[in-house]
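Both backbone and side-chain heavy atoms feed into the values below; hydrogens, waters and symmetry mates do not. Computed from a predicted structure; not experimentally measured. Note that the numbering runs from 1 along the sequence shown for the chain. Start at 1 and go down the list; that is how both ligands and their atoms are numbered.
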Amino acid sequence: MKELKSQFVGALLVILTVTAVICAGVNYQQQARFHLPDDGATWMDVPNTADSEQSLRVVAAHVERDEPADLAGIRKGDIVRMIAPVENTPGVPVRQASDVAQLLFQAGVWGKATYTLNRNGVEITAKVIVADANRDRALYFQYFVGAAYLAIGIFLFFRRNQAPKALHFYFLCLVSFILHTFHYTGKLNSFDTGIYIANVVAGLLAPALFVHFCLTFPEPRRHWNNWQAISVYLPALSLILLHLGVAMGVVHTALPLIEMRWVLDRAWMLLFCASYAAGAVLLHFSYRRTEDTIIRQQLKWLRNGTLAGIVPFAALYAVPFLIGSVPSPTMRLSVLFLAFIPLTWTYAILRYRLMDVDIIFQQGYVYMLATLSVLGIVYLLVFALPKRDELSPTSVVLLVLVAAFVFEPLRGWFQQQLDRYFFYKDRYDYRRTLIAFARELSSEMDLDRTLMSVGERLLSTLSVGHVAFFLSKENEPGFQLHTALDRDGGRRRLKSERLDLSFLLDSPEDPYLFFESTRHALDIVTHGKAPSVRATIAELDLTYYLPCNFRGKTLAWLGVSRSNKGDFLSSDDIDLLASLAGYIAMAVENARLYRSLAAKAEQYERLKEFSENIVESINVGILAADLDDRVESWNSQIERLTGIPRIAALGRKLSDLFPEELGAHFDALRANNQVHQLYKIPLRRDTLALPALNGNGHANGNGNGTSNGTANGKSKVERTEVIVNLAIAPLVTKDGARIGRLIIFDDVTEREDLERRLVQADKLSSIGLLAAGVAHEVNTPLAVISTYAQMLAKQVHGDEQKSKLLEKIAKSTFRASEIVNSLLNFSRTSSSEYEALDLNKVISETLSLLEHQFDKHAIAIEVDLEEGAPLIRGNAGRLQQVFLNLFLNARDAMSNLPPGQTRRLSLRTHGEEASVRVEVRDSGAGIPRDHQSRIFDPFFTTKGMQKGTGLGLSVTYGIVEEHGGMIEVESNPGEGALFRLEFPAASRKPVNA
Ligand code: ADP
């Protein structure tokens, strides 16, 4: 309804304005073309007292100097009897004043009329050359004043907004325009009558409208009501009625008509001047009362303009006119002063934006065009009707309906067309830069930077005083100040830190908030708010607050002050801000999303790092493979176990990396959804796809890999084989989908070693006990056998055959006791003394015992004993036995070698911080792999019953263990054997000591 009403009023105003302008134009033309013949005298009807024939006498009330009547000698007070309009024709009697005008009309301009007059009872004639009615120059100035009013009115009307006083002001301007430009020519046809009436009505309405305006601008006074408004118009209305009544002859008075007119004119003049003066006084009071500086300025200009117009006019024209003098042409010029009124108002409007004048010009154009089109359509329809003259009520209703329905679509269409081809053509660039800017906004992720750049852009394009951004709080309702920028784009410092922003709502109803005067208590908008809110509004000093909405949510508020010069923003600017607010909301949302994303990413990164750290620092090798068995993850522990670096492993198939039998295991368990364990799987490096080894040309599986490795000076034990326990587990996502599997390699080599040694020790200790028992029991019978055999040998002296048999018995007994002694040796637990000793010395001494033996078998000896190696705690005799056993085994291994093959025994010692290492290497036939685990077992021998007892290495093992040391063998068949021993340095207490 409101929309419809404003549309209706708009259309009505357009029609009124257009009509007024056209009428003024026609009137002006007639004014120029129509020459009213005039004799320069004012004739007045005076009731006749003497002459009974004539009821009225027509008397010259005023004779203008130097005008035709004056020149012809007519004086004030002369009575006209007859006028002959054409020379030498009989005179026509003059019965009333209006007859003079008619006869002059017949005579025409420059015609010669002969007047028959009666002056003081004497009949005289006067020849009057009829002139053009004096063209009043003041008339043109009036047009100027009227045009000024219309211009300012149209300016306001086309930029009219919902500004409350705009419509009122426009009426005032329009009425003033009519007042100043409608002048009846005197022709007195119906158009002229219309002009006359319009002029009278406008002349009386304008002062009333002005007083009404002054009473209600900028806000209605308190206790203002409609009755008061009507009372302002009452004097004007009554005068209008009186005027019209007299003009139409309805009202009769005692006064002659022309005098009545004078009285009415004077009354009008009084009302006009008094109203404007009263308006100025009212404006002055408003000015005194108002606190807001801008409104004060506006009021001051309005007041001064009114005074500048009305005071000279009143002084020079109105007052003399009122006291009875006939206005002279110079007096009439004072009407020019009235132009001050619209001119100063225009200035005030432009300078101080008297009202929100800046609503789009275009709307006015659009309404005008739409109205004209609708009128055109209606006329066309009327024209098309067969019986044009008698329109039936139905067709009138139909026409109105058509007009009503057609108006809105037409308006829309005009708006669109004008927007496209006319209004926004110039603004296109502006809009484009805005869109570009908006794009920039959405690509920027840093909120601070975004808001700073928006703020700077606003400050520079709208030249506003300052801007501020308020962002919604993240976890609670309400807003907080984010950035406030001053005019130079710097951060603005607020005096008080505590702001009450409760007036910024989460879902505002208004398109924006507007606080006309932020600093003063005058603004009615803020009246209802809490004191803290009002203090905040004053502190922030922002006139506009625009909500930044995104998907129906207010994410931020944009606060904008007035312009640098204190002007309000135009509605265009507000529109621009509103669209910008949308982009700001988007940018805020983007930035927030981005920030939470970044936080999540960081969290994820940290989590990943954490889990990777766990995987890395865990003591087991872990590999993850996808469903195709391609490696996706390979930790450093598994790198160490397999010797395959991560880069080489990633993306490769398990079957390419691991030996076939393991691959077969993996394949078999592929479909298995349970965690599966495989125990004690040997993982030999030479069976793995080691990229470096492959590259060096070392063939897989030929077994010569690392036994040589130790010979070239590497001190650290490098294992060629590790024993692992495998756990194969499916890799599933949260919702149970299988995405691959996880294989965990647990290196159990050392545990396995330990276990084996424990078993060995266990075995040895039980055998030791057994042996000790048996040895004691066997030793005695052996001694008996040996003794008796020797006794018998003495007795059978001379009997070759018998003494040979007895010798064999003694020898066998000796061998048996040797075995028994070994057994006893084997079972002897650390009863002997321990001391700090030099292992090198023990080795050298043992070697010197056997030098002869080695020479005999052509075995070269290579000795590399590190001097200064730490001492160890031990028993020299028992250690000698260790090395004796090792050397003898080496000798045996090499003595069978075919001639020409290298026979060399290498000895090497190396001291470490807490231990001494010894290596005994021979170049014999080596130990087959399946024997390697058994050589330390008692009675394991390959040397045949006659030569070997199989106890040597077991005894050696036992002694090394006693010393807290360790012994292990490494051998590749055909390449000799290497025995590694390690003894703890003397500072450390031997475990078994
Ligand atoms: P014996 O020497 O009485 O056989 P050992 O316990 O000393 O008993 O040795 C056990 C076995 O270990 C030997 O029979 C031999 O097969 C093997 N052996 C020991 N040392 C070597 C070596 N250096 N080279 C090859 N084989 C060896």
Side-chain angles (χ1 to χ4, degrees), residues 703-704 707-708 710-711 756-757 759-761 763-768 770-771 775 814-828 843 846-847 849-850 853-854 856-863 878-898 901-908 918-962 966-981:
N704 68 350
S707 57
N708 287 343
T710 40
R756 214 187 52 237
R757 266 191 252 160
V759 170
Q760 190 74 33
K763 249 193 249 173
L764 290 186
S765 69
S766 46
I767 286 173
L770 178 78
F814 185 72
R815 167 135 176 89
S817 82
E818 210 176 44
I819 292 172
V820 168
N821 278 340
S822 287
L823 269 176
L824 274 177
N825 225 348
F826 171 77
S827 63
R828 182 157 44 215
I843 293 172
T846 317
L847 200 59
L849 285 179
L850 291 175
Q853 293 273 342
F854 288 126
K856 214 170 102 188
H857 290 98
I859 293 168
I861 296 169
E862 207 177 85
V863 186
R878 294 184 63 75
L879 285 174
Q880 213 169 26
Q881 199 168 356
V882 166
F883 293 110
L884 201 65
N885 284 342
L886 291 176
F887 295 165
L888 286 174
N889 278 343
R891 181 208 63 190
D892 292 344
M894 292 186 286
S895 59
N896 302 330
L897 286 177
Q901 204 148 344
T902 331
R903 298 176 176 197
R904 182 172 54 227
L905 175 74
S906 310
L907 300 173
R908 192 168 161 269
V918 184
E919 286 179 11
V920 179
R921 182 192 292 275
D922 65 60
S923 60
I927 310 161
R929 209 167 281 283
D930 52 333
H931 286 176
Q932 279 176 20
S933 55
R934 295 166 62 199
I935 53 172
F936 295 106
D937 288 352
F939 307 114
F940 175 80
T941 180
T942 55
K943 294 178 187 164
M945 284 313 279
Q946 289 308 306
K947 272 188 104 183
T949 58
L951 281 172
L953 282 179
S954 345
V955 169
T956 301
Y957 191 96
I959 296 170
V960 173
E961 287 275 294
E962 264 170 40
M966 163 221 110
I967 180 169
E968 61 183 15
V969 69
E970 195 180 303
S971 173
N972 286 318
E975 294 184 357
L978 166 65
F979 285 87
R980 283 204 195 89
L981 296 92

Trainee: So, 4.0 Å and heavy atoms of Gly924: is ligand 1 close enough to count as a contact?
Mentor: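 False for this residue.
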Trainee: Under a 3.5 Å distance rule, please check whether Asp922 uses its side chain to pair with a backbone N or O of Ala977 as donor and acceptor.
Mentor: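 Confirmed, Asp922 side chain pairs with Ala977 backbone.
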Trainee: Looking at Glu975 and Gly926, would you say the former's side chain and the latter's main chain have a donor-acceptor pair under 3.5 Å?
Mentor: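 Judged by distance alone, no pair lies under 3.5 Å.
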Trainee: Can you tell me if Asn885 contacts ligand 1 (heavy atom of the residue under 4.0 Å from the ligand)?
Mentor: no
Trainee: Check whether Arg891 reaches the backbone of Gln853 with its side chain - one donor and one acceptor, N or O, closer than 3.5 Å.
Mentor: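 Flag not set: sc Arg891 to bb Gln853 has no pair under 3.5 Å.
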Trainee: Quick check: Asp892 and ligand 1, any N/O pair under 3.5 Å apart?
Mentor: no
Trainee: Would you say atom 18 (N) of ligand 1 touches the protein, meaning some protein heavy atom is under 4.0 Å from it?
Mentor: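 No, there is none.
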Trainee: Who gets closest to atom 13 (C) of ligand 1 by heavy atom: Leu888, Ile935, Asp937, Thr942?
Mentor: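 The option holding the nearest heavy atom is Thr942.
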Trainee: Under 3.5 Å between some N or O of ligand 1 and some N or O of Leu953?
Mentor: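 Yes; at least one N/O pair falls below 3.5 Å.
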Trainee: Would Ser954 count as a polar contact of ligand 1, with the cut-off being nitrogen or oxygen pairs under 3.5 Å?
Mentor: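 No.
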Trainee: Take Leu849 and Phe887 through the test side chain to side chain contact (heavy atoms under 4.5 Å, CB included) and record every step on the way to the result.
Mentor: CA-CA 10 Å; Leu849 285 179; Phe887 295 165; over 6 Å; no
Trainee: Taking the side chain as every heavy atom from C-beta outward, state whether Leu981 and Leu886 have any pair of such atoms under 4.5 Å apart.
Mentor: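 Side chain of Leu981 against side chain of Leu886, heavy atoms only: contact under 4.5 Å found.
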Trainee: So, regarding Ile927 and ligand 1 (criterion: nitrogen or oxygen to nitrogen or oxygen, under 3.5 Å), is there a contact or not?
Mentor: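 Ile927 vs ligand 1: no N/O contact under 3.5 Å.
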Trainee: Considering the heavy atoms of Gly952, write down every atom of ligand 1 situated less than 4.0 Å from one of them.
Mentor: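 Near Gly952, the atoms of ligand 1 are 5 (P), 6 (O), 7 (O), 8 (O).
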